[in-house]
Protein chains: 2
Amino acid sequence: MTIPDVARHAGVGQATAARVLGGYGSASAATRERVLAAAAELGYSTNAVARSMISGRTDTLGVVVADVENAYFARAVRGIADVAAKAGLQAILANSDEDSEKEKAAVQLFIERRVDGLVVAPAATDDEHLARAVSAGIPVVLLDRVLTGAALDTVVVDNRGAVKAAVTRFTEAGHTRIAVITSAMPGDDGTRLAPGADIWTTTERVAGYRQALRAAGIPRSAELIRHTGYERAWARSAVLELMTSRDRPTALFTTDNVATLGTLDALLDLDARIPDDVSVIGFDDAEWTTLIRPRLSVVSQPVQELGGLAADILIRRISGAAARPRRHTLNTTYIARESTGPVPARTRRLRAPAECP
Amino acid sequence: MTIPDVARHAGVGQATAARVLGGYGSASAATRERVLAAAAELGYSTNAVARSMISGRTDTLGVVVADVENAYFARAVRGIADVAAKAGLQAILANSDEDSEKEKAAVQLFIERRVDGLVVAPAATDDEHLARAVSAGIPVVLLDRVLTGAALDTVVVDNRGAVKAAVTRFTEAGHTRIAVITSAMPGDDGTRLAPGADIWTTTERVAGYRQALRAAGIPRSAELIRHTGYERAWARSAVLELMTSRDRPTALFTTDNVATLGTLDALLDLDARIPDDVSVIGFDDAEWTTLIRPRLSVVSQPVQELGGLAADILIRRISGAAARPRRHTLNTTYIARESTGPVPARTRRLRAPAECP
DNA sequence: GAGCGCGTTGGTAACGTTATCAATCCTGCC
DNA sequence: GGCAGGATTGATAACGTTACCAACGCGCTC
């Protein structure tokens, strides 16, 4: 069922039927009614593909995140989809799994689909693929992560400052053995990153940790920085090892969801008492942080707003806003709960559980 | 940059350039090379919109769920997107918020977009909008929920059986005061559903609960069925009220994520000891269920497989499979952890915390 | 040497909409 | 009564690709 069909059935010209059905131009009340009636009778539905063909717009946004299953990205996607829907756009989703090749392939597909805009949480460290999108006339907004050197709108939080402030609470409470656990992919040893695994967010958070230590005059020690990879179980075993080592840390900062989960797994397995044996602060609040005892203190970020703002900027760009791309930094909040305390007088020996293979 | 441009630049006919770039038909190695070189030089990228225009396929799936932010749907969407991506399709996402009007609007949009297939977790109780999609040649697969009377492929778990089995563990342990908490919208009192809020999944789970009671010869009592609405805080206050009432339940079954979260909030606020004061089983395992003490016993469902299977069926339909639509039921697993125990000898009086406004 | 078949090539129609422009109708006014 | 001017109408081009078909050249066979 196409416009010519409806036009014939209503006894009007194609162009007239098209105007009524497309809601543009003018038509008399009488013809409008006849066309609408004919359309209803024939079960006509607009072909958005043909419309996009000529209008040049597809009313879609491409969204590339690491993994929707991750609560952080799920919330961000929700924020994007909500704002997009309000503007009549829909979101097409792609998961990169932090793999820059997958990300590039997804972006290429989005360019071919002629999406109206692109929200990307970049795993890649270069922006060639994104520049291609921009030069194809597709505005791009970066989410969660800055890409240095790329002239793109970017929506982030002040990761470095937030972590510095949080870790400073540790140092002010007297902690000097403070470890940081991330779920970035480790290189040879766990204290360095695998090539290509330098996600901006993680790097910034570790930098904030370093700044806090330096400000407190605490010498840095490499073995307290643990990159554990994107599986919860890997974070668990890294922390298990860390916490049973000689001169173990008395405070842990986890830079993300997965690291936090694995870290708590380990502490539970070790029967470590929080905060008596070890203090913990996590990055990013989750639905379960008030369900555990003690409740987990966290750095909370406005994730859904982050996504919403990204979509908002994109929509403005799509409708022609030409301002210089800039970085938008949203505020984080430190939520003090009960997982932090003073340095234990004597560090109790923790025993790793027997591992079952 | 279009095919005619590339053709001109390469000094070949349009059709020849089109064949090389579209990867169909035949072309000599020499011309292929020339065309590809010209395309690269001009920065040509296929226009998928134009391709869809004539091929009739858009290589997209429409996905309608209640809310991606909900871990259940996030996992399902991930399953769908993975299988789709493997087949060269991308997923367009729409959130219905359990609102059947939003769902219908989203489906209509998807029809206009000419998506190749549709995965829907229906909030609506009729299937008129879905029938429209089918008659427009778009195959539809239902996810998580059955729509009685609709001849559509459906991917679900045996909710009734799973809940019956779980609740039977309560009855076998001697519990007789067993409550069920759902996050369906309540009607006038909390024990009935609001009009239009009868989501199949919830109804089935409550039916399973009823069957288990009947099988154990326990008379049903309406005040033990609580529909609390889709906000965690609402589940909390309902449980607060329930657990401080006379003759309170000694076992709680929560039918979903949100209800489980709110229920645990309430029990924590009441200082209720699990399972000494009250036993708890939840539906659907979450990442935090092993993080709380005692660990939460749950009915676990293969959510990602559910989504993957839905996408799989859809893809088969798209490539022409004509078998009669049927229901696919995946298995759930009961995971026994530590949140269940025998009936307390004497029910300890629980005190509601002072509410702060 | 003519004919046949196959790989290659190019011209052109088609997909279903919106955009453009000219033609027509109607109304109000001088 | 004639005419200006706006509202309404319809024919047709255009978007960029794939589908279709005819034409060409080459090697091979009879």
Side-chain angles (χ1 to χ4, degrees), chain A residues 1-36 38-39 42-60 88 108-116 136-138, chain B residues 1-36 38-39 42-60 88 108-116 136-138:
Chain A
M1 284 306 134
T2 68
I3 285 185
D5 295 324
V6 175
R8 228 183 337 269
H9 197 257
V12 300
Q14 283 192 32
T16 304
R19 271 190 296 265
V20 172
L21 296 170
Y24 60 96
S26 70
S28 70
T31 44
R32 171 168 297 118
E33 198 161 333
R34 264 202 303 164
V35 171
L36 257 23
L42 267 56
Y44 169 83
S45 103
T46 306
N47 184 328
V49 177
R51 172 176 293 169
S52 296
M53 184 80 207
I54 130 99
S55 71
R57 299 182 311 110
T58 54
D59 297 318
T60 51
Q108 178 59 30
L109 255 180
F110 283 139
I111 294 175
E112 295 180 358
R113 275 194 203 296
R114 302 292 191 261
V115 295
D116 293 338
I138 301 174
Chain B
M1 284 306 136
T2 68
I3 285 184
D5 295 324
V6 174
R8 229 183 336 271
H9 197 257
V12 300
Q14 284 192 30
T16 304
R19 272 191 296 266
V20 172
L21 296 170
Y24 60 95
S26 69
S28 70
T31 43
R32 170 169 298 117
E33 198 161 333
R34 264 201 304 163
V35 170
L36 257 23
L42 268 57
Y44 169 84
S45 103
T46 306
N47 184 327
V49 177
R51 172 175 293 171
S52 295
M53 183 79 206
I54 130 101
S55 71
R57 298 182 312 109
T58 54
D59 297 318
T60 52
Q108 179 58 30
L109 255 181
F110 283 140
I111 294 175
E112 295 179 0
R113 277 195 200 298
R114 303 291 191 263
V115 295
D116 293 339
I138 302 174

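Within every chain, numbering begins at 1; the chains are lettered A, B, ... in the order of the sequence lines, protein sequences first and strands thereafter.
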- Relative orientation of the end axes in the helix from C:dG1-D:dC30 to C:dC30-D:dG1, expressed as an angle to the nearest 10° (five pairs per end):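 Between the axes fitted at each end of the helix from C:dG1-D:dC30 to C:dC30-D:dG1 lies an angle of 60°.
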- Message: Regarding B:Thr2, tell me which of base, sugar-phosphate or nothing describes its non-hydrogen contacts under 4.0 Å with the strands shown.
- Response: sugar-phosphate
- Query: Counting any heavy atom closer than 4.0 Å, what does B:Ser28 reach on the DNA or RNA strands: base, sugar-phosphate only, or nothing?
  - Reply: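 Counting heavy atoms under 4.0 Å across all strands, the contact made by B:Ser28 is with sugar-phosphate only.
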- Task: Supply the atom-to-atom distance A:Asp116 CG to A:Ser52 OG, rounded to the nearest 0.5 angstrom.
- Result: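 Separation between the atoms: 7.5 Å.
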- Query: Which is the 5'-most and which the 3'-most nucleotide of DNA chain C that has an atom under 4.0 Å from a heavy atom of chain B?
  - Reply: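 Endpoints of the contacted stretch of DNA chain C: C:dT8 to C:dG16.
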- Who passes side chain to side chain donor-acceptor pair (under 3.5 Å) against B:Arg114, sequence neighbours left out?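 With neighbours one apart ignored, the set is A:Ser45.
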- Task: Check side chain to side chain donor-acceptor pair (under 3.5 Å) between A:Ser28 and all other residues, then give those that pass, not counting sequence neighbours.
- Result: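 With neighbours one apart ignored, the set is A:Thr31.
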- Message: I need the full list of salt bridge (charged side-chain N to carboxylate O under 4.0 Å, His left out) pairs touching residues 11-33 of chain B, with sequence neighbours left out, sorted by first then second residue.
- Response: none
- Query: salt bridge (charged side-chain N to carboxylate O under 4.0 Å, His left out): which pairs involve residues 44-59 of chain A, sequence neighbours left out?
  - Reply: A:Arg57-A:Asp59
- Message: Can you give me the closest heavy-atom contact between A:Ala27 and A:Val20, atom names plus distance?
- Response: CB-CG2, 3.7 Å
- Message: Holding to side-chain contact (heavy atoms from CB on, under 4.5 Å), I want the full list of residues that pass it with A:Thr60, two or more places apart in sequence or in another chain.
- Response: A:Thr58, A:Ile92, A:Val115, B:Arg113
Output a table of donor-acceptor pairs, distance under 3.5 Å, between side-chain atoms of residues 3-16 of chain A and any protein atom two or more places apart or on a different chain; print 'none' if there are none.
| residue | atom | partner | partner atom | Å |
| --- | --- | --- | --- | --- |
| A:Asp5 | OD1 | A:Arg8 | NH2 | 2.9 |
| A:Asp5 | OD2 | A:Thr2 | N | 2.9 |
| A:Asp5 | OD2 | A:Thr2 | OG1 | 3.3 |

So if I take [range] and measure heavy-atom distances to DNA chain C, which residues fall below 4.0 Å?
{"range": "residues 8-16 of chain A", "value": "none"}
{"range": "residues 18-25 of chain B", "value": "B:Arg19"}
{"range": "residues 43-54 of chain B", "value": "B:Met53, B:Ile54"}

- Taking the side chain as every heavy atom from C-beta outward, state whether B:Leu21 and B:Thr46 have any atom pair closer than 4.5 Å. no
- Any side-chain heavy atom of A:Phe110 within less than 4.5 Å of one from A:Ile138? no
Can you tabulate the close N/O pairs, meaning under 3.5 Å, that link protein atoms to atoms of nucleotides 22-27 of chain D?
none

